[in-house]
Every structure is written in structure tokens, then in C-alpha cells.
Amino acid sequence: MRRDDAPATARPLFAANRALCDHADPVERLWQLVTTVREFRGDAHHAVLADEGLDGCEALVLAAASGRVPKDTMREDRGWSEEEWAAATDRLRSRGLVDAHGDATGHGRQERERIEKATDRLAGRLLRALPEAETEALMQGLEPVVRRILAADVLPFPNPIGLPHLDEPVRRDTGF
């Protein structure tokens, strides 16, 4: 993959992390490369959320309301006050995205899925530079590693980063 295949334009978190990928130690280098790829997707996600008119707190409330992240701890984990969380919930309720109990409505769940698909489309640029056979081989090669991590039962579901469980469908159209 060439550097041009992963442009830093409008991707500040990715750009900052890519500049740190020069570790001599192979484990440190791999860790930083994985972090950099994650931030490439993170920057895409922020762009989609902004385009959808969702601020940071609203995005987290909707993610929690739809079960993507833990509802009972997300507010505190991310440092939002009860008042800020309640105000964001009210704004989402006025848009028909959450109900009176703070749970995602059908429209809210559809919106979350649309946000994830748009994020995947933008982030998928990293894998589009690879031939399809190489992308598929990469995904197949990572699956046993993911299964071993899941078998260790160290990741909670739902989790603070919204990582889906392996039993959930993998979106092969984008590689994410």
C-alpha cells in the first residue's frame, strides 16, 4: 500500500498517529500501525456524525440507546455530566431517534446503522488499495486471531468502542 492510498487530508487523528509509526521495536510498530488504522476510521466516523448534525454527546447517547455501547457506564466513561447527557437525550427525542425511556426508536436504530455504513464506506479506502483477493486473505487470516481473543472472554459486549461481536455480520463490502 502506498502512502497516497491513505491520505491524511481531513483526518487529523490519523495524521498525528501516522507520524508516530517509526518504532524500531516490531511490537511497538504494530501497535502504532493498528492505532493509526483505527484513527483513520475514527476520523471518518467524526465526519459522518458532523454531517448528520450529531454532536459528541448525542452520538454517544444514540450509540448507548441502540445497544452499541454500554448504556450504564458510557456517560461517566466519557466524562459527560448528567445534565449534558439528559439534554442530548432530549434533543434526540425531539428528532424521533430515542423514545421516552431513552431507548433508540426504529428510526434511531436505522440512523445508527446508516452512520456505521457511511463510516465504513469512508474508512474502507484503506483496503480498496489492495486487490480483492488480498483483502479477503487478510480478513480470513485475522479471523482465527479474533476468535482466540474472543475465546479469552476479556472483551465486554457491548463495549465502550462499539466493537461488534464476531457472531454479528461482518460487512465485507468495505472490509470493516
Side-chain angles (χ1 to χ4, degrees), residues 1-71 73-81 83-85 87-89 91-92 95 97 104 108 110-131 134-135 138-139 142 145-146 149 155-164 168 170-176:
M1 184 179 301
R2 300 172 322 216
R3 195 170 181 91
D4 291 347
D5 293 328
T9 304
R11 290 179 171 87
L13 297 174
F14 168 75
N17 277 280
R18 184 169 68 179
L20 303 174
C21 288
D22 60 355
H23 296 282
D25 180 273
V27 174
E28 288 179 3
R29 184 173 171 80
L30 177 61
W31 182 269
Q32 189 59 52
L33 287 168
V34 169
T35 297
T36 302
V37 169
R38 184 191 72 228
E39 295 303 357
F40 191 89
R41 186 183 193 283
D43 285 332
H45 194 59
H46 290 138
V48 172
L49 291 170
D51 191 52
E52 293 298 323
L54 293 170
D55 65 28
C57 192
E58 292 167 345
L60 290 172
V61 169
L62 185 57
S66 62
R68 189 162 178 86
V69 298
K71 194 173 192 175
T73 60
M74 186 51 62
R75 182 190 62 76
E76 288 182 23
D77 288 350
R78 298 300 170 96
W80 296 99
S81 71
E83 294 79 18
E84 291 167 321
W85 196 263
T89 301
R91 291 190 302 273
L92 293 176
R95 292 172 62 181
L97 299 174
Q110 288 173 345
E111 185 69 10
R112 273 296 310 162
E113 185 60 29
R114 203 166 59 74
I115 288 167
E116 290 304 317
K117 285 182 179 181
T119 298
D120 289 347
R121 183 183 56 76
L122 293 175
R125 179 176 183 159
L126 282 179
L127 295 180
R128 284 194 294 268
L130 295 174
E134 286 183 39
T135 301
L138 174 63
M139 298 300 284
L142 289 172
V145 175
V146 171
I149 291 169
L155 296 173
F157 291 95
N159 52 69
I161 61 171
L163 182 68
E168 296 177 35
V170 175
R171 293 187 287 265
R172 297 262 187 205
D173 56 329
T174 61
F176 290 92

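Smallest separation of non-hydrogen atoms from Cys57 and Ala88: SG-CB, 3.6 Å. Between Asp43 and Pro12, the closest heavy-atom pair is OD2-N, 3.4 Å. Across Arg95 and Gly53, no two heavy atoms sit closer than the pair NH1-O, 3.3 Å. Pairing each heavy atom of Leu54 with each of Ala59, the nearest pair is CB-N, 4.5 Å. The shortest heavy-atom contact between Cys21 and Gln32 is SG-CG, 3.8 Å.
Judged purely by atom type and a 3.5 angstrom limit, Glu84 uses its side chain to pair as donor or acceptor with the backbone of Ser81.
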inquiry  = Apply side-chain contact (heavy atoms from CB on, under 4.5 Å) to residues Trp85 and Leu60 and explain how you reach the verdict.
reply    = CA-CA 9 Å; Trp85 196 263; Leu60 290 172; 3.9 Å; yes
Chi angles and distances behind the side-chain contact (heavy atoms from CB on, under 4.5 Å) call for Leu142, Leu138 = CA-CA 6 Å; Leu142 289 172; Leu138 174 63; 4.0 Å; yes
request  = Could you please spell out the steps behind the side-chain contact (heavy atoms from CB on, under 4.5 Å) verdict for Arg75 and Val61?
outcome  = CA-CA 8 Å; Arg75 182 190 62 76; Val61 169; over 6 Å; no
task = Carefully, step by step, assess Val69 and Asp77 under the rule side-chain contact (heavy atoms from CB on, under 4.5 Å).
result = CA-CA 11 Å; Val69 298; Asp77 288 350; over 6 Å; no
message = If you apply the rule salt bridge (Lys or Arg N to Asp or Glu O under 4.0 Å), what do you find for Arg68 with Glu116, and how did you get there?
response = CA-CA 11 Å; Arg68 189 162 178 86; Glu116 290 304 317; 3.2 Å; yes
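With sequence neighbours excluded, no residue satisfies side chain to side chain contact (heavy atoms under 4.5 Å, CB included) with Glu76. With sequence neighbours left out, the side chain to side chain contact (heavy atoms under 4.5 Å, CB included) criterion links Val34 to Leu30. In terms of the side chain to side chain contact (heavy atoms under 4.5 Å, CB included) criterion, residue partners of Ala8 (sequence neighbours excluded) are, by chain and number, Phe14, Ala15, Arg18. Partners of Thr119 according to the side-chain hydrogen bond (donor to acceptor under 3.5 Å, both in side chains) rule, which considers only residues two or more places apart in sequence or in another chain, are His45.
The CD atom of Glu111 sits 10.0 Å away from the CG atom of Leu92 when rounded to the nearest 0.5 Å. For the atom pair NE2 (His23) and CG (Leu33), the distance works out to 8.5 Å, reported to the nearest 0.5 Å. Interatomic distance, Lys71 NZ to Ser66 OG, rounded to the nearest 0.5 Å: 9.5 Å. Interatomic distance, CG of Leu20 versus OG1 of Thr35, reported as 9.5 Å (0.5 Å rounding).
Judged as a salt bridge (Lys or Arg N to Asp or Glu O under 4.0 Å), not a single pair has a partner in residues 21-30 (not counting sequence neighbours). Among residue pairs with one or both ends in residues 49-64, those qualifying as salt bridge (Lys or Arg N to Asp or Glu O under 4.0 Å) are Glu52-Arg114, Asp55-Arg91, Glu58-Arg91; sequence neighbours excluded.
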